[in-house]
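Just so you know, ligand 1 is whichever comes first in the structure, and atom 1 is the first atom listed for that ligand. These numbers come from a predicted model, not from an experiment. Side chains are part of it too, since the values below use all heavy atoms of this structure and drop only hydrogens, waters and symmetry mates.
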Amino acid sequence: MNNLFQFSQPLDNNAKTLFNDEHQEFLAELVDTFQPRLNELLEKRQQRQAYYDGGALPDFDANTQDIREGHWKIAELPKDLKKRRLEITGPVDRKMVINALNANVDCYMADFEDSQSPTWDGMVNGQINLRDANIGGMTYTDPSSGKHYKVGENPALLIARVRGLHLPEKHVQRNGQAIPGALMDFALYFLLNYQQRLQQGSGVYYYLPKLEHSDEAKWWADVFHFTEKTFNLKTSTIRATVLIETLPAVFQMHEILHALKDHIAALNCGRWDYIFSYIKTLKAHADRVLPDRQVVSMDKPFLNAYSRLLVKTCHQRGALAMGGMAAFIPSKDPAENEKILAKVHADKTLERDNGHDGTWIAHPGLADTVREIFVDGIEGDNQLHVLREDDNGIDQALLLQPCDGERTETGMRTNIRVSLQYIAAWLNGKGCVPIYGLMEDAATAEISRTSIWQWIRHGKKLSDGTPVTKALFTQLLQEEADVVKKEVGSERWSNEPFEQALALLENITTADELVDFLTLPGYEQLN
Ligand SMILES: CC(=O)SCCNC(=O)CCNC(=O)[C@H](O)C(C)(C)COP(=O)(O)OP(=O)(O)OC[C@H]1O[C@@H](n2cnc3c(N)ncnc32)[C@H](O)[C@@H]1OP(=O)(O)O
Ligand SMILES: O=CC(=O)O
Ligand SMILES: [Mg+2]
C-alpha cells in the first residue's frame with residue numbers, strides 16, 4: 001500500500017478495501033486540489049457571521065440579481081430522479097440499510113451525517129454496507145436476535161448524504177492535516193459504486209448538507225466536474241440534492257441551483273438544521289430569540305415562507321422541491337400511535353399543499369400514512385407544475401419574522417434532558433435515537449442546546465418571570481441529570497458516556513461564545 005495518507009490506527013480489511021492504492025491516489029488528488037479552497041470558504045462563513053453579529057441581517061445578494069431574475073433551467077432530470085414522493089432516511093448501519101431499502105418508499109437517503117455518529121468504524125463499515133447495497137442481494141443476521149435480513153425485489157433508490165463541510169476526518173491525515181470528512185465520504189462512495197450504478201443505467205447520487213453560500217455549491221460543482229473528467233464520465237453522471245438548511249442559504253437558492261446546474265436534482269427543506277441555523281445566525285439579535293422548541297412548527301410564518309419559497313424557486317428552474325422530516329416516530333401504544341399518525345398526516349399535508357414533490361420519513365412505520373398524501377394525493381410523479389403567484393411576495397422580512405410562543409421552564413428542562421441523552425448516545429456511536437417519542441439527531445439536539453444558550457445570552461424570562469441565567473441552567477442541569485439517571489438506570493448511566501455528555505453540555509451552554517456545532521468538540525472525544 002502506498003503512503004499518501006497517515007492513518008490514526010492500523011487498517012482492518014474493510015478499511016483496506018476503502019483505502020486501496022487506486023482510491024488513495026484519487027482521494028489525495030481531490031484533497032490537494034480542493035481542501036485549500038474549502039478552508040477559505042469556511043473562513044468566509046466566519047466573516048459573514050461577524051457581519052450578522054454586528055447587527056446586519058441575511059438578505060438576497062444585490063450582485064446576483066441577474067441570476068435570480070434570468071431565464072435558465074437546470075440540466076434535465078434523469079428518469080429515476082423524477083419520482084421521489086417518499087424518501088426514508090437513516091444511518092448506515094447494516095440492518096437499517098436493509099430495512100430502508102425494503103421500505104415502501106421511492107428513495108432511501110443513506111446518512112453519513114445528522115443521524116450518523118462519525119466514529120471511524122461507523123464511517124468505514126457504512127461505506128462497505130452501501131457498496132453491498134448497490135451490488136444487490138445484501139444480507140445480515142442480527143447476532144442478538146438471530147433474525148435474518150435480506151434486500152428484496154425493487155429496493156428503494158439509494159442516495160448518499162455526506163458529512164458537512166465543517167467536519168474533519170481526524171483518522172486520515174495528509175501532510176499532517178486532517179482531511180475534510182465530506183471529501184472522504186464523497187470520494188469513497190463514488191469509487192466503490194460508480195461502475196455498478198452506471199451498469200444499472202443510473203448515476204451516482206448524493207445529498208449535500210448545511211451549505212451556507214452558492215460559492216460552496218460552486219466548490220461542489222467543481223469537485224463533481226473534476227471527478228467526471230478523471231473517470232471519463234459524461235457530465236451530470238453525478239447528481240446532488242442540496243439541503244437548504246441554513247438561514248443564509250435560503251437567500252441563495254437560485255444561486256445554488258445555478259452554480260450546480262449541471263449536477264443538481266433538487267433542493268430539500270432540512271427544517272431542523274434550518275431552525276438551528278436561525279438561532280445561530282441571529283444569535284446576537286435580541287428580537288429574534290426563539291420560543292420553546294415544541295412550538296416552532298412548520299406552520300409558523302417564517303418556516304412556511306421558507307418551504308413555499310423553496311418550492312417556487314425549484315419549480316421555476318426545473319428542480320424537485322423535497323420536503324423535510326416530521327420528527328414523530330410510531331409508538332407501540334395504539335392510542336398514542338393514532339395521535340402520532342394524525343400529527344404526521346397534518347405535517348405532510350401542509351408540505352404537499354405547499355407544492356413539495358416528495359418528503360422524508362424517519363421510520364418505515366410511517367410509510368403508509370405518508371403515501372396517502374404524497375402518492376395517492378398527487379397526480380403523476382411530482383408537482384413540478386406548481387408555481388403559485390401567491391408566493392411572489394415572500395421577502396426578507398417574512399423569512400426572518402420573529403416566532404411567537406412561550407419560553408417555559410418545562411421547555412428548558414426538556415431541552416436539557418434531550419441534549420444530555422442525545423450527546424451521550426452520539427459519544428457512544430449512535431447518531432439517531434428515540435427520546436420521549438421523537439427522533440433525535442444532531443440537528444434536533446442542536447436546537448435544544450442552542451435555545452438555552454440564546455435564552456441565557458439575552459437574559460430572556462421564562463413564562464413565570466424567572467430570568468434565564470447560567471446559574472439557573474447549572475441548577476436545572478443537575479436536577480435533570482438526576483431525572484435522566486433514574487430514567488436510564490444507574491447501570492446504563494455508568495456504562496455509557498453520560499458523565500462525559502454532562503460535562504460537554506455544561507461547557508458549550510455556559511460558554512460566552514456560541515460553539516458552532518456540538519459535533520466539533522464532541523468529535524474530539526469520539527473514537
Ligand atoms: C434532521 C434530519 O437530518 S432527519 C434525517 C436523519 N434522521 C433519520 O434519518 C432518522 C432515522 N430513524 C431512526 O434512526 C430510527 O427510526 C429511530 C432511531 C428514530 C428509532 O429506531 P428504533 O428505536 O429502532 O425504532 P423501532 O424499534 O420502532 O424500529 C422498528 C424497526 O424499524 C426499523 N427502522 C426504524 N427506523 C428505520 C429507518 N429510518 N430506516 C430503516 N429501518 C428503520 C428498525 O431497524 C426496526 O427493525 P427490526 O424490527 O428489524 O429490528
Ligand atoms: O437534515 C435535515 C434537517 O432537518 O436538518
Ligand atoms: Mg440537517
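- A donor-acceptor contact closer than 3.5 angstrom links the side chains of T141 and H148.
- Protein heavy atom in closest approach to atom 51 (O) of ligand 1: K95 NZ, 2.7 Å.
- Of the heavy atoms in M96, both backbone and side-chain atoms come closer than 4.0 Å to ligand 1.
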Might you work through the side-chain hydrogen bond (donor to acceptor under 3.5 Å, both in side chains) test for D53 and Q49, ending with a clear yes or no? CA-CA 6 Å; D53 289 347; Q49 186 60 51; 2.8 Å; yes
Stepwise side-chain hydrogen bond (donor to acceptor under 3.5 Å, both in side chains) test for T119 and D121: CA-CA 5 Å; T119 59; D121 285 349; over 6 Å; no
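- Heavy atoms of R161 found under 4.0 angstrom from ligand 1 belong exclusively to the side chain.
- Within the 4.0 Å heavy-atom criterion, the part of D441 lying near ligand 1 is the side chain and not the backbone.
- Of the angles at the Mg ion (ligand 3), the one spanning OD2 of D273 and OD2 of D114 is 90° when given to 10°.
- Of the candidates G324, P91, P364, it is P364 that places a heavy atom closest to atom 43 (C) of ligand 1.
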Taking a 3.5 Å cut-off between nitrogen or oxygen atoms, can you list every pair linking ligand 2 to the protein, with distances?
{"from": "ligand 2", "atom 1": "1 (O)", "to": "D114", "atom 2": "OD2", "distance (Å)": "3.0"}
{"from": "ligand 2", "atom 1": "1 (O)", "to": "R161", "atom 2": "NH1", "distance (Å)": "2.7"}
{"from": "ligand 2", "atom 1": "1 (O)", "to": "E245", "atom 2": "OE1", "distance (Å)": "3.0"}
{"from": "ligand 2", "atom 1": "4 (O)", "to": "R271", "atom 2": "N", "distance (Å)": "3.2"}
{"from": "ligand 2", "atom 1": "4 (O)", "to": "W272", "atom 2": "N", "distance (Å)": "2.8"}
{"from": "ligand 2", "atom 1": "5 (O)", "to": "D114", "atom 2": "OD2", "distance (Å)": "3.4"}
{"from": "ligand 2", "atom 1": "5 (O)", "to": "E245", "atom 2": "OE1", "distance (Å)": "3.0"}
{"from": "ligand 2", "atom 1": "5 (O)", "to": "D273", "atom 2": "N", "distance (Å)": "2.9"}
{"from": "ligand 2", "atom 1": "5 (O)", "to": "D273", "atom 2": "OD2", "distance (Å)": "3.0"}

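- For E245, the N/O/S atom at the shortest distance from the Mg ion (ligand 3) is named OE1.
- Counting heavy atoms under 4.0 Å from ligand 1, residue R271 does not touch it at all.
- Scanning the protein heavy atoms around atom 18 (C) of ligand 1, the nearest turns out to be C432 O, 3.4 Å.
- With V433, N99, I329, I435 as candidates, the residue nearest to atom 33 (C) of ligand 1 on a non-hydrogen basis is N99.
- In this structure, K147 counts as a contact residue of ligand 1, since one of its heavy atoms falls inside 4.0 Å of the ligand.
- A salt bridge between D106 and R85 is present, with a side-chain N of the basic residue lying under 4.0 Å from a carboxylate O of the acidic one.
- Note on ring orientation: taking the six-membered ring where Trp is involved, the planes of F186 and Y206 are tilted (angle from 30° to 60°).
- By the criterion of a heavy-atom distance under 4.0 Å, the side chain of I88, and not its backbone, is placed next to ligand 1.
- Taking only non-hydrogen atoms, the option from G90, P434, A327, A156 nearest to atom 17 (C) of ligand 1 is P434.
- In the model, R197 has a side-chain atom that pairs as donor or acceptor with a side-chain atom of N134 under 3.5 Å.
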I would like to know whether Y207 and E113 meet side-chain hydrogen bond (donor to acceptor under 3.5 Å, both in side chains); could you show each step before the answer? CA-CA 10 Å; Y207 258 102; E113 214 245 348; over 6 Å; no
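- For ligand 1 and S115, the ligand atoms under 4.0 Å from any heavy atom of the residue are 6 (C), 7 (N), 8 (C), 9 (O).
- Listed by atom number, the atoms of ligand 1 under 4.0 Å from M439 heavy atoms are 7 (N), 8 (C), 10 (C), 19 (C).
- No side-chain donor-acceptor contact under 3.5 Å links E446 and W272.
- Inside a 4.0 Å radius of atom 47 (O) of ligand 1 there is at least one protein heavy atom.
- Taking 2.8 Å as the threshold, D441 does not count as a candidate ligand of the Mg ion (ligand 3), since none of its N, O or S atoms lies below it.
- Side-chain atoms of D111 and S115 form a donor-acceptor pair, as typed in the model, at a separation below 3.5 Å.
- When only modelled atom types and interatomic distance are considered, N125 and D93 share no side-chain donor-acceptor pair under 3.5 Å.
- Residue-ligand proximity: P330 is placed with every non-hydrogen atom at 4.0 Å or more from ligand 1.
- Between D357 and K83 there is no salt bridge, since no side-chain nitrogen of the basic residue lies less than 4.0 Å from a carboxylate oxygen of the acidic one.
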I'd like to know whether T246 forms a side-chain contact (heavy atoms from CB on, under 4.5 Å) with Y278, so could you lay out the CA-CA distance, the side-chain angles of the two residues, the decisive distance to 0.1 Å, and finally the verdict. CA-CA 7 Å; T246 67; Y278 184 96; over 6 Å; no
Residue pair R293, V418: steps toward the side-chain contact (heavy atoms from CB on, under 4.5 Å) verdict: CA-CA 11 Å; R293 181 184 137 180; V418 167; 3.9 Å; yes
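- Residue A100 places no N or O, backbone or side chain, under 3.5 Å from any N or O of ligand 1.
- Under the 4.0 Å criterion applied to side-chain N and carboxylate O atoms, E216 and R48 are assigned as salt-bridge partners.
- Relative to the ring axis of Y274, K210 does not place its NZ or CZ within 45° and under 6.0 Å from the centre.
- Shown here, atom 21 (O) of ligand 1 is out of close reach of the protein: none of its heavy atoms lies under 4.0 Å off.
- The side-chain tip of K170 points at the ring of Y523 from less than 6.0 angstrom away and within 45° of straight on.
- When only modelled atom types and interatomic distance are considered, R352 and T359 share no side-chain donor-acceptor pair under 3.5 Å.
- Protein heavy atom in closest approach to atom 5 (C) of ligand 1: T89 OG1, 3.5 Å.
- Looking at D111 against ligand 1, only its side chain comes within 4.0 Å, counting heavy atoms.
- Judged purely by distance below 3.5 Å, without hydrogens or angles, the side chains of D80 and Y205 pair a donor atom with an acceptor atom.
- A donor-acceptor contact closer than 3.5 angstrom links the side chains of D142 and S144.
- Using a 4.0 Å threshold on non-hydrogen atoms, atom 24 (O) of ligand 1 does not count as touching the protein.
- For the pair H356 (side chain) and A321 (backbone), a donor-acceptor distance under 3.5 Å is present.
- Proximity of E245 to ligand 1 is not established, as no heavy-atom distance is less than 4.0 Å.
- Of all protein heavy atoms, the one lying nearest to atom 28 (O) of ligand 1 is H363 NE2, 2.8 Å.
- Distances from the Mg ion (ligand 3) show that E113 has no N/O/S atom below 2.8 Å.
- Nearest protein heavy-atom contact of atom 27 (O) of ligand 1 is K332 NZ, 3.9 Å.
- Within the structure, the closest approach of Y149 to ligand 1 falls below 4.0 Å when heavy atoms are considered.
- In this structure, the protein non-hydrogen atom closest to atom 38 (C) of ligand 1 is A362 O, 3.6 Å.
- Of all atoms in ligand 1, numbered sequentially from 1 with element shown, those under 4.0 Å from a heavy atom of D114 are 1 (C), 2 (C), 3 (O).
- Every atom of ligand 1 is numbered from 1 in the order shown, and the set under 4.0 Å from a heavy atom of M325 is 4 (S), 5 (C).
- Figure legend: cation-pi geometry between R288 and F302 absent, as NZ or CZ is not positioned both under 6.0 Å from the six-membered ring centre and within 45° of its axis.
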